[in-house]
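Whatever order the structure lists them in is the order used to number ligands and atoms, beginning at 1. The figures that follow rest on heavy atoms only: side chains count, while hydrogens, waters and symmetry mates do not. Computed from a predicted model, the values in this text were never measured in an experiment.
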Amino acid sequence: MDSVDELDRITDAKVLLRVLPGIAADTHPALATGDTGQKFGLGEGELRRALDVLGGRPDLELVGLHCHIGSQIRHVATYEQAARRMVGLIARLGRPVRELDLGGGFGVAYTSAEAEFDLVGYAERVKRAVRYECGVHRVPEPQLVVEPGRAIVAKAGVTLYRVTSVKHPFVAVDGGMSDNARPALYGARYQPRLLRTGPTARMVLVGRHCEAGDVIAEVDLPRDVHPGDVVAVPVTGAYHHSRASNYNQVCRPALVGVRDGTTRVLVRAETEEDLLRRDVG
Ligand SMILES: Cc1ncc(COP(=O)(O)O)c(C=O)c1O
């Protein structure tokens, strides 16, 4: 939970209290969620108040403390720092904590220029940091919990667009910021490919929406790219379908599962009828 008054809205539950460890994570500012002054999590004073409230609520069982310092974090050192802060906090509270949940956020490479997050290094170094700090502060070692999201599913998704028009260097496709908000929100960039080869030129892949910021990638594509070509954008399995919107009243695309060469529609494409269904005027 993120605020003390949320405790009034739950009954008979196991509770992890989310705290702000005060870490400015090495990621885009919009993805950093563990620094002081954030809307997420509890500061130390609020945490103490939440613990007082829990003291009078036998139906709520405190399982542990939680923090999620952000997403697309690249360096293990950032998590080590968070882990050390969390153990320091546990020591100051003066009560043992069964679980310490350090959230997710492990960075995923969207292009070949980006490094992969060192997951094995994370496991070893964060465990070591927690053990060391618990020894220093003489508190029992909590059970460590992680909540990876993107790192599990991002690479399982590929977005397919149809090229609708070409005006060098711009290649426009039949989707964009309504199915992928990341470029417009954080300036994220991708490494799309055309489903055929040929001599290439630098192109700007743009979406269909009425925004100059609706840019998916600057990328080398076959010079003769033309309407009807299919462009594949890899690493779109996380925060794409789930965040798709009707921006500019564009219908959301279908979600198709692929396994062993067979396909199955998991979510059908939206139709204009779907969009108009709420119109009662
Ligand atoms: C509390 C919490 N835990 C875990 C995650 C997963 O983050 P990621 O997908 O970056 O690993 C999120 C994402 O928003 C979150 O809010």
Side-chain angles (χ1 to χ4, degrees), residues 1-4 6-7 9-10 13-43 46-47 50 62-83 85-86 89 97-111 114-123 125-127 130 142-159 179-190 233-245 255:
M1 48 144 285
D2 280 317
S3 71
V4 181
E6 281 174 49
L7 289 173
R9 279 177 255 151
I10 51 176
K14 293 185 172 176
V15 176
L16 282 162
L17 296 174
R18 179 171 175 171
V19 301
L20 276 174
I23 301 285
D26 55 310
T27 185
H28 189 284
L31 299 177
T33 55
D35 207 355
T36 40
Q38 274 284 340
K39 69 172 182 173
F40 300 105
L42 308 172
E46 291 157 320
L47 174 64
L62 177 69
V63 174
L65 295 188
H66 170 272
C67 71
H68 173 69
I69 57 174
S71 280
Q72 279 300 86
I73 292 165
R74 286 165 297 152
H75 299 118
V76 172
T78 315
Y79 288 102
E80 287 178 301
Q81 202 189 353
R85 293 258 176 104
M86 292 298 283
L89 175 62
V97 160
R98 199 160 84 222
E99 277 184 23
L100 174 57
D101 184 334
L102 293 174
F106 314 130
V108 163
Y110 283 83
T111 69
E114 292 168 51
E116 291 291 344
F117 185 79
D118 179 11
L119 275 175
V120 173
Y122 169 91
R125 287 169 52 183
V126 168
K127 264 195 292 183
V130 169
Q143 189 184 349
L144 281 179
V145 177
V146 290
E147 304 173 337
R150 185 186 318 253
I152 295 174
V153 292
K155 291 195 175 162
V158 176
T159 301
D179 57 80
N180 182 356
R182 295 186 66 254
L185 284 175
Y186 327 121
R189 287 294 182 264
Y190 291 77
V233 182
V235 202
T236 55
Y239 306 115
H240 288 76
H241 178 75
S242 60
R243 273 189 193 157
S245 73
L255 185 67

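- At a heavy-atom cutoff of 4.0 Å, ligand 1 is surrounded by Arg18, His66, His68, Ser71, Gly104, Gly105, Glu147, Pro148, Gly149, Arg150, Tyr239.
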* **Steps toward side-chain contact (heavy atoms from CB on, under 4.5 Å) verdict (His75, Glu80)** => CA-CA 9 Å; His75 299 118; Glu80 287 178 301; over 6 Å; no
Pairs of donor and acceptor atoms involving the side chains of residues 36-43, under 3.5 Å and at least two apart or interchain, shall be tabulated with distances.
| from | atom 1 | to | atom 2 | distance (Å) |
| --- | --- | --- | --- | --- |
| Gln38 | NE2 | Ala32 | O | 2.6 |

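- Residue pairs meeting the salt bridge (Lys or Arg N to Asp or Glu O under 4.0 Å) criterion with at least one partner in residues 144-156, sequence neighbours excluded, are Glu116-Lys155.
- Summarising the geometry, atom CG belonging to Leu65 is positioned 8.0 Å from atom CG belonging to Leu16; distances are rounded to the nearest 0.5 Å.
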* To do: Could you give me the CA-CA distance, side-chain angles and deciding distance for Tyr239 and Tyr186, then say whether ring-ring contact (aromatic ring centres under 6.0 Å, His included) is met?
  => CA-CA 13 Å; Tyr239 306 115; Tyr186 327 121; 9.1 Å; no
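- Looking at residues two or more places apart in sequence or on another chain, you find no salt bridge (Lys or Arg N to Asp or Glu O under 4.0 Å) involving Glu99.
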